[in-house]
Structure formats: structure tokens, C-alpha cells
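What follows is one structure encoded as C-alpha cells, with my remarks underneath.
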Amino acid sequence: MPEEYRPVLSTAIEILGRDVRNYTGDTVAVVGSGSRADICVRIDPDAIGYPQGFRMEVMPDGTLSIKGHDSHGAAYGIIELTRIMGVSPWEWWADASPRRRSTVELPAGYVCEHHPSVEYRGIFINDEDWGLMQWSSLNYEPWYMPGRIGPQTNARIFELMLRLRANYYWPAMHECTQPFFFTPGNREMAEKYGIYIGGSHCEPMASSTAVEWGRRGKGEYDYVNNSDNVYSFWEERLKEVAGQEILYTVGMRGVHDGAMNGAKTIDEQKAVLARVFKDQRGLLARHVNEDVTKVPQVFIPYKEVLNVYKAGLEVPDDITLMWTDDNYGYIRHFPTDTERARKGGNGIYYHVSYWGRPHDYLWLGTISPGLVYQQMKTAYDRGIRKMWVLNVGDIKPSEYQIELFMDMAWDMDCVAADGVKRHMANFLSREFGDEIGRDIFPVLDEHYRLAHIRRPEFMGNTRVEEWEQEYSTVKDMPWTESYLNDRLDDYKKISDRAQEIDARIPDDRKDTYFQLVKYPVQGAAEMNKKHIYAQFARHGKMDWHASDCAYDSIVALTRIYNTGIHNRGKWHRIMDFQPRRLPVYEPVDRSSADAPMLAASPSPVASWNAVECSEGSVSPWEMLGYEGKAAGLAKGEAVGYDFGRVDTDSVGIEVCMVPTHPVDDGGKLRFALSVDGKECGEFAYETYDRSEEWKENVLNNRAVRKAKVAVDKKKKKHRLHLKALDDGVVLDRMSVYAD
């Protein structure tokens with residue numbers, strides 16, 4: 001094979017050959033060319049001028065030509081052919097084997113051309129203690145000692161990534177797991193699948209410090225008082241992996257997910273990081289490439305490091321700045337004009353799974369696809385186009401969100417043209433066929449909507465890492481009895497519908513359906529039943545047995561997931577319904593309540609979703625908000641909502657926003673309210689760090705502001721106006737109440 005060809009191309013050809021043998025009867029046909037087509041694959045940078053891009057074309061002689069700008073581009077062209085054949089990226093990971101076809105036909109003159117929207121697109125395996133690590137080391141490849149995620153597992157992960165057209169990987173890094181580079185064969189698998197290895201915000205220089213510092217470090221991981229040993233720790237790794245395709249994380253935090261040692265103030269941390277940059281880049285120049293600007297590097301201003309960066313930390317221009325969300329899907333910072341102009345560009349580190357305050361969500365993949373789309377589209381439009389990394393936890397059960405994220409990174413224009421609803425509909429149609437896919441869509445749409453109002457993991461109304469009794473004890477949700485009953489009814493409808501559809505799923509798709517639809521929908525339903533029934537029982541309105549039965553149902557569903565329907569235990573140990581053994585996952589303690597249940601809330605005179613304005617226009621965001629009808633407003637845009645006569649001299653106004661963060665460097669999110677031209681005031685709703693308001697906002701996926709304004713009760717019609725005073729305002733719902 002010529003030197004310019006990399007192993008990823010051979011790997012893609014192997015995958016294509018396997019898919020053809022397994023699913024198409026060994027024939028790929030081109031209309032008008034006879035019964036069999038030759039496939040010509042080659043690298044031709046002139047055929048498409050974008051790195052990692054490809055052009056697939058049916059030539060006049062019937063040859064199927066796949067030209068890649070480089071080896072990755074040619075490989076993605078080959079993978080595109082497997083997609084045309086009907087092979088799902090989740091063929092192995094969700095047991096989604098397609099039905100065999102006698103031929104795959106492409107019409108004469110067919111052309112398909114693609115290139116990535118984002119250069120580096122990847123995943124981070126994280127919080128793997130209860131799922132992926134257990135499954136890998138105790139079930140899938142148990143010949144390694146417990147605690148290792150070995151090359152066979154990584155080969156499966158990397159094939160999934162290749163099928164999803166992803167190329168960037170942050171390996172698992174918790175103390176329970178042996179580091180990636182400590183396990184023989186892992187590096188070779190990354191090379192085979194064309195995967196660039198990186199590391200999280202606390203893993204600089206390809207070193208997983210959480211475990212590795214205890215194995216090969218000396219003294220404290222402290223660049224103020226122990227810099228020589230830390231420097232040697234980094235250099236030792238660079239000597240070992242200098243020939244590997246690595247995107248080097250630079251900078252420094254603590255050993256795991258804590259602030260750096262030895263430097264207490266922001267100024268001290270800034271001085272240490274400036275020295276760290278200089279020394280790390282010196283190591284890269286010595287061991288990787290003497291022109292250090294050609295070594296891909298990324299700096300991640302995460303948590304307290306963002307404050308250091310904003311205090312004036314200077315980052316070399318060729319280093320990519322990777323911004324982060326707040327761990328709950330809301331991006332903290334968007335690049336300024338100066339940051340967008342940097343040679344190194346901008347990246348994003350985003351979560352669909354998280355361990356930490358105010359509460360984990362490690363069990364079910366319930367983050368709203370509408371939120372993922374809205375935030376990542378905003379990120380892309382504001383210049384974050386160099387690197388995208390998604391924290392996927394154990395991969396399962398966040399399959400759909402992973403595919404949405406990667407499809408946006410691969411071809412943003414295509415996803416934007418279709419919209420997130422069409423994207424999810426296409427996903428379901430591919431996996432289950434058009435008819436059943438159409439029936440599943442409203443079930444999952446409602447599943448994500450209800451979880452956006454309150455995730456299943458948050459239903460105990462508890463918090464983590466706040467040790468006061470009020471946060472660690474399961475207690476009532478602050479909802480009325482009427483809403484609790486409505487929520488139970490909503491979950492019953494989709495749970496029952498998921499069960500009805502299950503009867504129509506072919507046997508060879510039963511496991512796929514259970515993993516992608518039935519388990520998350522019914523698991524979320526049973527978790528809600530468990531806690532809502534317990535809330536009724538605490539107040540003497542129901543027997544405790546109903547809550548216990550819901551817990552038992554979660555146990556039974558999880559057992560089916562791990563033992564399988566037809567896959568005979570393939571996923572044994574992958575699913576744990578109580579990660580970290582938090583109180584929310586346990587059978588609810590049989591305690592009684594001192595206070596009565598909340599009385600019914602007053603009904604509003606009028607209430608509107610953001611898209612239901614009677615004046616002005618908004619930019620709707622599909623599948624976002626409590627009713628899936630939230631909308632964005634640009635700075636200066638105003639919308640009006642009409643309501644009728646009221647019998648009081650004043651009204652109360654409640655404005656519910658999607659709790660995004662500011663998109664401009666000024667750090668503000670403000671709007672103004674008026675009724676019948678009478679100003680009600682200006683309101684800001686941005687939050688910072690881990691304030692109490694931010695915690696409530698992310699638990700409820702809502703920021704609320706209230707106002708009171710005098711009205712003329714003689715008027716037959718009133719108009720409420722809202723005007724955005726900053727870019728990035730996302731309105732969910734507004735209500736007017738008689739005062």
C-alpha cells in the first residue's frame with residue numbers, strides 16, 4: 001500500500017467487505033452496468049478540496065468511483081456506501097443488523113460528495129464505573145484483569161466512531177479503570193481505525209493523571225513545589241507515544257477533577273499556567289515536531305480554569321480553545337471576535353451524561369434532542385468548528401443523542417435543513433422501517449419532553465455532594481396533586497404505547513427496540529411512578545405497595561436489558577439502574593409527610609408558548625421547552641401576546657425562559673416587559689458558576705421571572721410585549737394571572 005495511505009482506509013474496506021457478505025449477497029449493482037460493479041477507491045486531493053472529504057460517483061463505464069481527499073476521506077466514502085446499503089452505525093452496538101438484500105443499486109450518473117463541518121469530532125467515555133468498564137472487563141473480554149477496557153472493546157468503540165464519521169477519542173479515565181496507554185493493544189486499535197487520541201481537561205500531555213500519577217509520578221502533582229517530577233512525568237509519556245496520532249491537551253488542573261495544587265489565587269494559577277504552556281510546548285517541540293505550531297493542541301477552560309482564562313491568561317494562538325457547557329447541556333461561553341480569529345480555532349466539550357452537582361444523570365439518556373440541536377447549532381454559528389467532543393458516559397443508552405451530535409459535526413447544513421424532528425424520524429425509520437418508525441416518533445418525542453420538565457434521575461428531589469439532610473433525603477416534588485396525576489397519565493400513555501408497538505416489532509429487531517425505545521421509555525415511566533406514588537403514600541392518599549411495584553419493574557426491565565431477548569447476555573453488566581447507589585434509585589423509605597400536599601395553582605387568564613405570538617415573529621426551536629415550542633429572539637426583537645378583559649386593577653406576569661447562558665462577551669441575558677405600552681421593567685436571568693439559582697434552573701430546565709403591572713380593567717383587550725435586550729434570549733412560555 002502506498003505510503004500516503006493510512007490504515008483507516010484498509011479498515012473501512014474490511015468493514016465494507018464484511019457488510020457486503022453479511023447483508024447484500026456479495027453483490028453491489030449499478031443500474032445499466034450489468035449485474036456487478038467494480039469499485040475503485042483512491043486518494044485524490046484535487047477531486048475534493050476539503051480534508052476528510054470524499055466524492056462518490058457512478059462513472060459512464062459503470063465503475064463506482066470513491067475518491068478521498070486523504071485516507072480519512074476515502075474511508076468515509078466507503079462507510080457512506082455501507083449506509084446506502086442500509087447498514088446502521090449501530091449495527092453492533094444496538095443489535096441493529098439490517099435485513100439481507102440481493103443487490104444494492106445506484107443509478108447511472110449518481111454523485112455523492114461530503115466533507116466534515118467540524119474537523120475533529122469525538123466522544124469521551126466517562127463515569128464508566130457501573131456500565132462500560134464492568135461490561136468490558138467482566139463480560140466482553142474477561143481475560144484481562146478486572147478494571148481494563150481493552151483493545152477488543154476499543155475496536156468496537158472505534159468501529160462505531162468510524163461508522164458515525166467520528167475521529168477523536170478521550171478514553172475512560174476514572175480510578176476504577178486502567179489507563180488507555182497501560183493496556184497493550186489499545187494504541188494499535190486507534191491507529192487501525194484512524195482515531196486521534198486526546199484527553200480531558202485534567203489529562204494533559206496524553207497522561208491520565210487520576211491513575212497514572214499514583215503509578216509513575218513522584219511526590220505531589222504540583223507544578224509550584226514539584227515541577228521537576230511533573231515535567232518528567234509528562235516527558236516520559238511523550239517519548240512513548242510521539243509517533244501516535246494525538247491531539248494533546250495542554251494546561252493543568254488537579255489530579256482528577258479538582259483545582260490545581262500549589263496555586264490558590266487566580267493570579268497564582270495564571271502564572272503557573274503560563275509556565276506550564278511554555279514547558280509543555282518545549283516538550284512537544286523536542287519529542288513530536290520541532291515546529292510546535294504543527295502539533296495539534298487544545299486548552300480547555302473548564303470550571304475554575306475559565307475564571308483564570310477570563311482574568312487575562314494568554315494562550316498561544318495556534319492552540320485550540322475548547323469551551324464547555326455547564327454539564328447540563330447549556331454552553332457557558334461562546335467565542336468573541338478575537339477568539340474566533342485565532343489560528344487554533346475553537347472547540348466544544350458537551351455533556352449528555354454527568355456525575356456531579358446538583359445531581360447526576362448517569363442512567364438514562366434523556367437530554368432533550370432539541371436542546372442539543374439548539375446549543376450546538378448556536379455554537380457552530382458562532383465559530384466553534386475545530387473540535388467537538390461529547391461526554392457519552394457508557395455510550396448506552398444515549399445512542400440517538402450521539403448520532404445527532406455526530407451528524408451535526410459532519411454536515412451541519414444537512415441537519416439544519418431537515419430540522420431535529422426530521423432527523424429523529426429518519427433515525428427511527430432506518431432502524432424500524434417507515435411505518436413503525438412513524439408510530440415510535442410521538443412516543444420518544446413525549447418521552448424527551450417529559451424528561452426535559454424533570455429528568456428521571458431528579459425525581460427524588462435530592463441533590464448530591466451537598467450533605468445537609470434536606471438534600472440527601474427523598475422528598476416531595478413541589479408540584480400540585482393535579483399535575484402529579486397529569487404526569488402519571490402522560491407517562492402511562494407512552495409506556496402503554498411502547499408496549500403496543502413492541503408486539504409489532506419483528507423478532508430480529510426485539511433487542512434493538514428494547515434498547516433504543518422500550519427500556520428508556522418504560523424505565524423513565526416507572527421511576528416517575530415510584531416517586532409520585534410514594535409522594536401520594538406519604539400523604540395517606542395511596543398504598544406504599546404501588547411505589548414498591550414500580551421499583552420492582554425497573555429491576556425487571558434492567559435484567560432484561562442485561563440478559564437480552566435474543567442476544568443471549570451480550571450486554572450483561574452494561575446497564576445499571578442505580579449508578580453511585582444514590583437515594584433516588586432505592587425503594588422509597590416509608591415515611592410520612594408533616595405538611596399537606598400543595599393546593600392547586602391558580603389558573604392563568606391567558607398563557608402562551610413562545611411560538612404563539614400575535615405580533616412580531618420568533619425563531620422556533622424544535623423539540624425545545626416544556627411543550628416543545630420554545631423560540632429564540634435576537635437583540636432588539638419584540639413579540640406581543642394578546643389577552644382579554646380582566647376584573648382586577650393589576651395582573652401578574654410569569655415569564656419562563658430556557659436557562660441558556662449569554663452568547664456575547666458582555667455576559668448578560670435581559671428582556672423588557674410592557675403591557676398596553678406601560679413598562680414593567682427590565683429583567684436579567686443569566687446565572688454564574690454553581691449558584692443556587694443555576695442549580696434550580698438546570699434541575700428544572702427553566703429560568704423564571706415574575707412581574708406585576710397595573711392595567712385598565714375597562715379595556716376589552718390587552719397586549720403583553722416582550723423585547724430581547726441581548727442576543728441569545730430563548731423564550732419558552734408566558735402566563736398572565738389575575739393579581
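In plain terms, the two heavy atoms of Y350 and M376 that are nearest each other are CD1-SD, 3.8 Å. Across all their heavy atoms, F334 and H661 have their closest contact at CE1-O, 4.4 Å. Counting all heavy atoms, side chain and backbone alike, R55 lies closest to A47 at CD-O, 4.3 Å. Closest heavy-atom contact between N346 and R340: ND2-CA, 3.6 Å. Nearest approach of L164 to W90, heavy atoms of both residues: CD1-CZ2, 4.2 Å. Nearest heavy atom pair, residue V230 against residue D222, reads CG2-N, 3.7 Å.
Note: Y328 and Y361 meet the aromatic proximity criterion, with ring centroids under 6.0 Å apart. A ring-centre distance under 6.0 Å is found for W388 and F405.
Note that the CD1 atom of I39 and the CG atom of L64 stand 5.5 Å from one another [nearest 0.5 Å]. Atom CD of E191 and atom CZ of F158 lie 11.5 Å apart (nearest 0.5 Å). Here the CG-CD distance, from L371 to Q401, works out to 10.5 Å after rounding to the nearest 0.5 Å. Remark: M252 CE to Q269 CD distance equals 11.0 Å, nearest 0.5 Å. The NE2 atom of H115 sits 12.5 Å away from the CZ atom of R165 when rounded to the nearest 0.5 Å. Taking OH of Y50 as the start and OG of S117 as the end, the distance is 10.5 Å to the nearest 0.5 Å.
For Y231, the OH atom is densely surrounded, since the number of other residues' heavy atoms within 6.0 Å is greater than 12. Shown here is E57, whose CD atom has more than 12 heavy atoms of other residues, nucleotides or ligands within 6.0 Å.
Taking the side chain as every heavy atom from C-beta outward, W323 and L306 approach each other to under 4.5 Å. A 4.5 Å side-chain heavy-atom check between V118 and M408 finds every atom pair outside the cut-off. The shortest side-chain heavy-atom distance between I125 and Y169 falls under the 4.5 Å cut-off. In this structure, the side chains of P335 and I384 come closer than 4.5 Å at one or more pairs of heavy atoms. Contact annotation: the side chain of L162 approaches that of I79 to within less than 4.5 Å [non-hydrogen atoms, C-beta and beyond]. Considering only heavy atoms from C-beta on, M387 stays 4.5 Å or farther from I348 through its side chain.
A donor-acceptor pair is defined here as one N or O able to donate and one able to accept, closer than 3.5 Å; no such pair exists between the side chain of E212 and the backbone of S207. The backbone N or O of N391 sits nowhere less than 3.5 Å from a side-chain atom of N126 that would complete a donor-acceptor pair. Not a single donor-acceptor pair under 3.5 Å links the side chain of T320 to the backbone N or O of V298. For the pair E339 (side chain) and D337 (backbone), a donor-acceptor distance under 3.5 Å is absent.
Using a 3.5 Å distance cut-off with no hydrogens or angles, the side chains of T153 and E141 do pair a donor with an acceptor. Defined by atom type and a distance below 3.5 Å, a donor-acceptor pair is present between the side-chain atoms of T177 and E128. Defined by atom type and a distance below 3.5 Å, a donor-acceptor pair is present between the side-chain atoms of D325 and H351. Looking only at atom types and distance, the side chain of R148 has a donor-acceptor partner in the side chain of T183 under 3.5 Å away. With no hydrogens or angles considered, no side-chain donor-acceptor pair links Y168 and E119 at under 3.5 Å. For the residue pair T378 and Q375, no side-chain donor N or O sits within less than 3.5 Å of a side-chain acceptor on the partner. Counting only N and O atoms by type, the side chains of D291 and T293 include a donor and acceptor under 3.5 Å apart. The closest side-chain donor-acceptor pair between N167 and Q52 falls under 3.5 angstrom.
Relative ring orientation between W130 and W355 is described as tilted, the plane-to-plane angle lying within the 30° to 60° band. The aromatic rings of F233 and Y221 sit perpendicular to each other, their planes meeting at more than 60°, with 30° as the lower class boundary. Ring-plane geometry between H72 and Y76 is classed as tilted, the angle between the planes lying from 30 to 60 degrees on a 0 to 90 degree scale. Ring-plane geometry between H174 and H256 is classed as perpendicular, the angle between the planes exceeding 60 degrees on a 0 to 90 degree scale with a lower cut at 30. The aromatic rings of F54 and H114 are tilted relative to each other, their planes meeting at an angle between 30° and 60°. Using cut-offs of 30° and 60° on the angle between ring planes, the pair Y349 and H201 is tilted.
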| Evaluation steps, ring pair (Phe, Tyr, Trp, His ring centres under 6.0 Å), between Y248 and W234 | CA-CA 11 Å; Y248 289 94; W234 292 334; over 10 Å; no
| said: E235 vs R286, test: salt bridge (Lys or Arg N to Asp or Glu O under 4.0 Å). Steps then yes/no. | reply: CA-CA 10 Å; E235 184 170 36; R286 183 179 311 148; 3.2 Å; yes
| task | Please step through ring pair (Phe, Tyr, Trp, His ring centres under 6.0 Å) for the pair Y120 and Y196, ending with a clear verdict. | result | CA-CA 8 Å; Y120 298 107; Y196 297 87; 5.3 Å; yes
| request: Apply salt bridge (Lys or Arg N to Asp or Glu O under 4.0 Å) to the pair R281 and E290, showing each step before the final yes or no. | output: CA-CA 10 Å; R281 286 165 67 81; E290 62 182 13; over 6 Å; no
| request: Given side chain to side chain contact (heavy atoms under 4.5 Å, CB included), test K303 with N327 step by step and report yes or no. | output: CA-CA 10 Å; K303 294 186 178 178; N327 308 310; 4.3 Å; yes
| field | Trace of the salt bridge (Lys or Arg N to Asp or Glu O under 4.0 Å) decision for R216 with E236 | value | CA-CA 9 Å; R216 57 186 188 86; E236 179 183 304; 3.4 Å; yes
| field | Worked verdict on D407 versus R121 for salt bridge (Lys or Arg N to Asp or Glu O under 4.0 Å) | value | CA-CA 10 Å; D407 282 356; R121 312 160 300 281; over 6 Å; no
| message | Go through it in stages, so that I can follow the logic: the residues are F299 and F277, the test is ring pair (Phe, Tyr, Trp, His ring centres under 6.0 Å), and I'd like the CA-CA distance, side-chain angles, deciding distance and then a yes or no. | response | CA-CA 10 Å; F299 174 62; F277 286 149; 5.1 Å; yes
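Taking the ring centre of Y302 as origin, the terminal cationic atom of R253 falls outside the region bounded by 6.0 Å and 45° from the ring axis. Judged by a 6.0 Å distance limit and a 45° cone about the ring axis, K396 is positioned over the six-membered ring of W571. The cationic atom of R156 (NZ for Lys, CZ for Arg) does not lie both less than 6.0 Å from the six-membered ring centre of Y140 and within 45° of the ring axis.
Not counting sequence neighbours, the partners of N229 by the side chain to side chain donor-acceptor pair (under 3.5 Å) test are N226. Residues forming a side chain to side chain donor-acceptor pair (under 3.5 Å) with R42 (at least two apart in sequence, or on another chain): none.
Ion pairing between E245 and K192 fails under the 4.0 Å rule for side-chain N and carboxylate O. A salt bridge is defined here as a Lys NZ or Arg NE, NH1 or NH2 lying under 4.0 Å from an Asp or Glu carboxylate O, and R382 with D664 meets this definition. Comment: E159 engages R163 in a salt bridge, judged by a side-chain N to carboxylate O separation of less than 4.0 angstrom. Using a cutoff of 4.0 Å between basic side-chain nitrogens and carboxylate oxygens, E240 and R237 are scored as salt-bridged.
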